Chemist: 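Submitted below is the structure of interest, expressed as structure tokens.
Owing to the predicted nature of the structure, the values given are computational and were not obtained by experimental measurement. Atom set for the values below is all heavy atoms of this structure, side chains included, hydrogens, waters and symmetry mates excluded. Throughout, a chain's letter reflects where its sequence line sits, starting with A, and its residues are numbered from 1.
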Protein chains: 2
Amino acid sequence: MPGMNLEISTCFPQFSHLDADSARLLENNARLMDIPSGTVLFRDGAECSSYVLVLEGSIRVQKVSENGREIVLYRVERGQSCVLTTNCLIAREDYAAQGVTETDVRALVLPATTFRALLSKSEAFRDFVFSAYATRIADLLLLIQEVAFGRIDVRLAGWLRSRTASGDAIVATHQDIATELGSAREVISRQLKEFERRGWVALHRGRVEIKSRDGLASLA
Amino acid sequence: MPGMNLEISTCFPQFSHLDADSARLLENNARLMDIPSGTVLFRDGAECSSYVLVLEGSIRVQKVSENGREIVLYRVERGQSCVLTTNCLIAREDYAAQGVTETDVRALVLPATTFRALLSKSEAFRDFVFSAYATRIADLLLLIQEVAFGRIDVRLAGWLRSRTASGDAIVATHQDIATELGSAREVISRQLKEFERRGWVALHRGRVEIKSRDGLASLA
DNA sequence: GATGGTCCGTGACTAGGTCACAGAAGGTCA
DNA sequence: TGACCTTCTGTGACCTAGTCACGGACCATC
């Protein structure tokens with residue numbers, strides 16, 4: 001598969017330490033896939049058969065409740081893999097959440113058997129998988145902390161800030177933001193309105209324009 | 001250390017597959033420790049220098065907010081290790097939560113260097129560490145789901161049920177239960193009072209007596 | 001039985017989530 | 001251009017959960 005090696009080595013510098021054997025295993029069994037934006041890659045309860053390495057684009061992993069509320073757990077982006085998938089492959093369990101491509105995604109897909117083989121053969125691959133776990137666990141703990149104890153205005157302000165520079169605008173509906181934070185649309189609408197009243201943002205249909213990052217920062 | 005091998009092999013059957021080399025590494029470097037109930041093993045932000053395998057007893061791992069609220073993330077019990085510790089050792093980061101012994105605990109303590117050596121040498125040890133990650137991630141996702149979307153009455157009823165048979169009593173203050181669920185003492189008091197009104201429990205100082213598991217089950 | 005610590009109950013209030021509905025913005029098509 | 005439809009936003013009313021303040025109950029100890 002021409003060019004694949006180059007892409008792998010730029011996105012996953014860790015894999016440059018793969019021994020020749022493992023590198024061959026990877027090349028021979030990986031499939032390069034292009035997945036359009038909005039594709040549901042896996043659902044809560046689905047079983048899992050392959051390992052995914054993202055070369056380009058972003059996958060959103062989220063939990064959906066019975067009554068339709070959602071919360072984003074984390075994103076899988078260029079150079080990352082999905083821990084939930086790792087989890088399923090290792091524990092041979094079903095997925096515990098849902099994964100959706102947020103943009104067009106180019107990814108490397110490994111069959112479960114190749115994944116397991118690499119895991120036992122290659123120290124570099126193992127290190128990669130272990131670090132992926134470590135960073136995600138830290139993310140999840142932070143999320144628990146926020147959801148359990150955090151105030152929604154603070155979380156919203158933080159989220160807005162994390163996505164922009166002053167003067168920028170965020171293209172997202174209030175519902176999108178609610179999903180992102182695991183809250184409800186009406187709550188977000190009201191908070192945004194209050195931020196607008198304070199002159200921190202300007203509201204448009206499907207778009208939030210940031211006027212004062214300092215104002216937002218004053219909440220955190 | 002006489003008897004240590006026996007204890008290891010009964011609590012950690014996985015380690016019976018350790019190769020001779022790794023087993024020796026483990027034996028020569030592990031320290032057997034007895035830790036009294038109520039000891040704080042690590043705090044949020046502390047750095048981490050050793051790996052812990054629990055032989056007997058229970059460690060509670062919890063997140064504490066600035067304003068004093070707490071939530072239990074998971075427990076480390078006989079035959080388990082603490083993922084958070086694993087995490088710190090792998091990512092070389094500080095602890096992101098607090099760990100406290102809930103009972104007297106007997107544990108095997110490995111220096112970080114031994115842990116890393118075992119991780120790279122022994123397949124059996126790696127498998128153990130990977131499965132530990134896998135089960136904890138599943139736990140944490142469930143917790144996020146509950147905290148983000150769950151009703152407190154349902155969670156309380158479920159927790160009470162999970163700890164008893166009918167006629168049993170749970171020895172815990174309302175504050176203990178609130179900590180367990182990441183809620184507030186007053187909220188738990190009110191819910192318990194309501195459960196009592198319905199005849200599902202009887203309340204005593206520091207003790208909740210379960211009268212009807214079926215009643216509690218009707219909420220879930 | 002007086003004293004002090006822990007635990008529990010409760011009213012009043014605030015924050016955030018739910019429900020219902022109205023109206024605004026923007027696209028499409030005659 | 002205007003009628004029509006869909007999606008997005010705003011808002012009042014209400015409910016659930018968490019916070020604050022405080023009083024009183026239970027229990028151990030002297």
Chemist: Rounded to the nearest Å, what distance is computed from the CZ atom of residue A:Arg207 to the C1' atom of nucleotide C:dA25?
Modeler: 13 Å
Chemist: Looking only at the side chains, is there a donor atom on one of A:Arg136 and A:Gln80 sitting less than 3.5 Å from an acceptor on the other?
Modeler: yes
Chemist: Nearest whole Å is fine: how far is C:dG9 C1' from B:Glu196 CD?
Modeler: 11 Å
Chemist: Please list, chain by chain and in numerical order, all residues satisfying salt bridge (charged side-chain N to carboxylate O under 4.0 Å, His left out) with A:Asp34, sequence neighbours excluded.
Modeler: A:Arg106
Chemist: Of all of residues 209-219 of chain B, which get a heavy atom below 4.0 angstrom from DNA chain D, listed by number?
Modeler: none
Chemist: Can you check the A:Asn67 CG to C:dC19 C1' distance for me, whole Å?
Modeler: 12 Å
Chemist: Any donor-acceptor pair under 3.5 Å linking the side-chain atoms of A:Ser212 with those of A:Asp214?
Modeler: no
Chemist: Under 4.0 Å from any atom of DNA chain D, heavy atoms only: list the residues of residues 146-156 of chain B that qualify, in numerical order.
Modeler: B:Arg151, B:Ile152
Chemist: Return the set of residues passing salt bridge (charged side-chain N to carboxylate O under 4.0 Å, His left out) with A:Arg69 (not counting sequence neighbours), or none when no residue passes.
Modeler: none
Chemist: Can you measure B:Glu194 atom CD to D:dT16 atom P for me and round it to whole angstrom units?
Modeler: 11 Å
Chemist: Provide the closest heavy-atom pair for A:Leu89 versus A:Ala112 in the form atom of the first, atom of the second, distance.
Modeler: CD2-CB, 3.6 Å
Chemist: Verify, without hydrogens or angle tests, whether A:Lys63 (side chain) and A:Ala96 (backbone) share a donor-acceptor contact under 3.5 angstrom.
Modeler: yes
Chemist: Please give, in whole Å, the distance from D:dC27 C1' to B:His204 NE2?
Modeler: 16 Å
Chemist: Between C:dT18 atom P and A:Glu70 atom CD, what is the distance in whole Å?
Modeler: 13 Å
Chemist: Pull out every residue in residues 171-192 of chain A that has a heavy atom closer than 4.0 Å to any atom of DNA chain C, ordered by number, or say none.
Modeler: A:Ser183, A:Ala184, A:Glu186, A:Val187, A:Arg190, A:Gln191
Chemist: Is there a donor in the side chain of A:Tyr133 and an acceptor in the side chain of A:Thr86, or the other way round, less than 3.5 Å apart?
Modeler: no
Chemist: Does a donor on one side chain sit under 3.5 Å from an acceptor on the other, for A:Tyr95 and A:Asn87?
Modeler: no
Chemist: Using whole Å, what does the distance between atom C1' of nucleotide D:dT11 and atom CG of A:Leu203 come to?
Modeler: 15 Å
Chemist: Under 3.5 Å, is there a donor-acceptor pair between the side chain of B:Ser37 and the main chain of B:Glu102?
Modeler: yes
Chemist: Would you mind reading off the distance between A:Arg69 atom CZ and C:dT18 atom C1', rounded to a whole angstrom?
Modeler: 10 Å
Chemist: Ignoring hydrogens and geometry, is there a side-chain-to-backbone donor-acceptor pair from A:Thr103 to A:Gly57 under 3.5 Å?
Modeler: no
Chemist: List for me each residue that meets salt bridge (charged side-chain N to carboxylate O under 4.0 Å, His left out) alongside A:Arg198, sequence neighbours excluded, and say none if there are none.
Modeler: A:Glu194
